[in-house]
2 protein chains.
Amino acid sequence: MANLNTDLLTPSVAIDCVVFGFHENELKVLLLKLKNIDLWALPGGFVHKHVDIETEAHNALELRTGLDNIFLKQFHTFGSIERNDTDHNKMLVDKKVIPEEWFPWFNQRFISIGFYALVEYSQVKEPIPGPISEACEWCSVNDLPPLMLDHEHILTVAHETLKKELNNQPIGLNLLPKRFTIPELQSLYETILGKKLDRRNFRRKVMSFGILVCTNERRTGVAHKAPLLYEFDEASYIKANEAGLSSGW
Amino acid sequence: MANLNTDLLTPSVAIDCVVFGFHENELKVLLLKLKNIDLWALPGGFVHKHVDIETEAHNALELRTGLDNIFLKQFHTFGSIERNDTDHNKMLVDKKVIPEEWFPWFNQRFISIGFYALVEYSQVKEPIPGPISEACEWCSVNDLPPLMLDHEHILTVAHETLKKELNNQPIGLNLLPKRFTIPELQSLYETILGKKLDRRNFRRKVMSFGILVCTNERRTGVAHKAPLLYEFDEASYIKANEAGLSSGW
DNA sequence: ACAAAAGTGTTCTGGTTACACCCATGG
DNA sequence: CCATGGGTGTAACCAGAACACTTTTGT
């Protein structure tokens with residue numbers, strides 16, 4: 001986007017991606033730091049006229065993470081008129097975050113389609129900043145820098161959605177390395193939910209989903225008793241994802 | 001929209017509303033029949049530049065139903081490039097569904113934000129057709145006429161969403177008259193879910209939600225034992241709606 | 001009186017909660 | 001050898017599923 005060929009883009013429509021990762025028992029989000037100013041933004045972008053919005057979201061994330069097989073899900077579309085803030089856009093020009101020529105495009109009324117993504121933290125070697133940013137970093141959800149416009153709100157809604165999804169779907173395949181221990185999986189759940197769970201009940205419940213395969217190998221080198229390593233059985237995992245976990249009516 | 005002042009509209013963005021009603025034990029949807037052609041469409045429209053998308057959806061429905069206090073919820077945004085179909089739009093011009101001047105606007109690449117609405121069937125006295133339609137009618141979800149573009153898909157996704165929402169939220173306040181019997185509420189649930197439920201278990205479950213108030217009056221005039229009339233306790237209903245019903249983690 | 005639908009209760013089962021206990025490992 | 005965390009078991013409890021019986025109404 002060193003150049004902005006607005007003829008190729010769908011007017012009024014933007015996408016924003018909330019990319020979740022998990023590292024050192026913290027839920028992280030991938031954020032871009034804008035140039036010349038202490039303000040951060042969600043990765044995202046505009047929608048080319050001939051490209052599906054889902055594809056465009058994938059492309060945006062591939063540019064930032066280098067990964068091309070990211071779990072992505074649309075969760076909400078943000079269409080308040082207050083998202084459009086001329087003063088904010090003028091400021092972006094003043095601070096040379098965006099060139100002046102881009103002002104008219106940026107100053108449109110935008111509707112933004114929110115996606116959330118789940119990625120394995122360690123697979124993102126070096127997050128890549130975009131044309132209007134000077135850094136791309138993982139930030140802890142509990143300790144966010146100042147975010148532009150309504151991006152903090154978008155992030156919150158994504159997090160809420162993720163919490164709810166835990167009741168309907170298994171989670172972990174996209175956030176954990178191939179092999180992991182049950183306590184690590186539990187820590188992921190606890191981190192997303194923001195509360196402690198009972199060890200024994202957690203184990204029983206996730207085992208009952210029938211999506212975990214024990215590899216009879218153990219994580220070595222750590223203190224205390226070496227925990228068993230598990231993998232997801234991908235076929236069952238996908239099936240559980242489609243069918244859903246909860247009972248209901 | 002007898003006139004289409006495109007300067008006032010947000011390009012590329014449309015909204016489509018799936019309006020559910022309940023009548024004679026059938027789940028109904030409000031549909032518009034296009035002029036001069038046997039093709040139906042969801043109510044919806046375009047988004048004015050200075051109007052929130054939620055407000056715009058409300059306005060669209062007020063125009064069709066005359067109601068201004070409709071329960072509305074965004075459920076998905078449809079952004080496939082295949083939604084844009086030039087042949088289809090040419091056909092609309094040929095058949096004089098839309099005037100030729102409108103063709104360029106209609107033939108844009110559109111992203112459509114889907115909303116579903118729940119309304120009390122009997123409160124919609126006479127559904128009102130719009131500028132490109134000659135009729136506005138309730139159609140049974142199980143017996144749909146031919147729908148334009150991807151509108152059947154949108155409708156299906158809305159119905160799927162509604163089914164899932166039944167597990168998290170109480171439903172009925174917006175679909176039933178003020179007073180109703182438990183069997184009527186059950187019939188609503190059965191209709192949405194498309195399956196039979198056990199009378200006794202259903203009653204116990206909905207009563208446990210603590211959102212129903214018994215009026216000690218009975219529905220008279222019907223055959224067999226006169227059932228008791230209930231009302232929703234709105235405060236509890238709203239609380240249940242926000243807090244959610246299922247337990248989960 | 002009888003058919004049909006409303007209203008109430010009971011059992012059985014499976015999942016959730018809240019625990020106690022033993023095992024392995026690094027320090 | 002002991003503190004710490006991993007792994008397993010179990011009793012109490014509650015919600016959902018399946019089902020039988022009584023009550024009330026119109027015909």
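Because the structure is a prediction, the values reported are computed rather than measured. Every chain is numbered from 1 and lettered A, B, ... according to where its sequence line falls, protein lines coming before strand lines.
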Problem - ring pair (Phe, Tyr, Trp, His ring centres under 6.0 Å) involving B/H23 - partner list, sequence neighbours excluded - result: B/Y121

Handout entry: Summary of ring-ring contact (aromatic ring centres under 6.0 Å, His included) pairs that have at least one residue in residues 205-224 of chain B, sequence neighbours excluded
Key = none

Practice task
Not counting sequence neighbours, which residues clear side-chain contact (heavy atoms from CB on, under 4.5 Å) with A/P177? List them please.
Solution key: A/E120

Exercise for the section: Mind calculating the distance between CZ (A/F209) and C1' (C/dT16) to the nearest angstrom? Expected result: 12 Å

Exercise for the section: Mind calculating the distance between CG (B/N167) and P (D/dA15) to the nearest angstrom? Expected result: 17 Å

Exercise for the section: With DNA chain D as reference, determine whether B/S208 or B/G221 sits nearer its 5' end, using the nearest nucleotide of each. Expected result: B/S208

Fill in the blank from the handout: Rounded to whole Å, the CE-P distance (A/M207 to C/dT16) equals 15 Å

Handout entry: Interatomic distance, B/L197 CG vs D/dC19 P [rounded to whole Å]
Key = 15 Å

Fill in the blank from the handout: From CZ of A/R219 across to P of D/dG7 the rounded distance in Å is 11 Å

Enumerate all atom pairs, one protein N or O and one N or O from nucleotides 5-9 of chain C, separated by less than 3.5 Å.
from, atom 1, to, atom 2, distance (Å)
C/dA6, N7, B/R199, NH1, 3.3
C/dG7, OP1, B/L228, N, 2.5
C/dG7, OP2, B/R203, NH2, 2.5
C/dG7, O5', B/R203, NH2, 3.4
C/dG7, N7, B/R199, NH1, 2.7
C/dG7, O6, B/R199, NH2, 2.8

Handout entry: Residue pairs passing the ring-ring contact (aromatic ring centres under 6.0 Å, His included) test where at least one lies in residues 146-190 of chain B, sequence neighbours excluded
Key = A/W249-B/Y189, B/F78-B/H153, B/F180-B/F232, B/Y189-B/F202

Exercise for the section: Mind checking the CD1-CD spacing from A/I211 to A/Q169? Nearest 0.5 Å is all I need. Expected result: 11.0 Å

Exercise for the section: For A/N25, enumerate each residue passing the side-chain contact (heavy atoms from CB on, under 4.5 Å) test, keeping only those at least two apart in sequence or located in another chain. Expected result: A/F22, A/S187

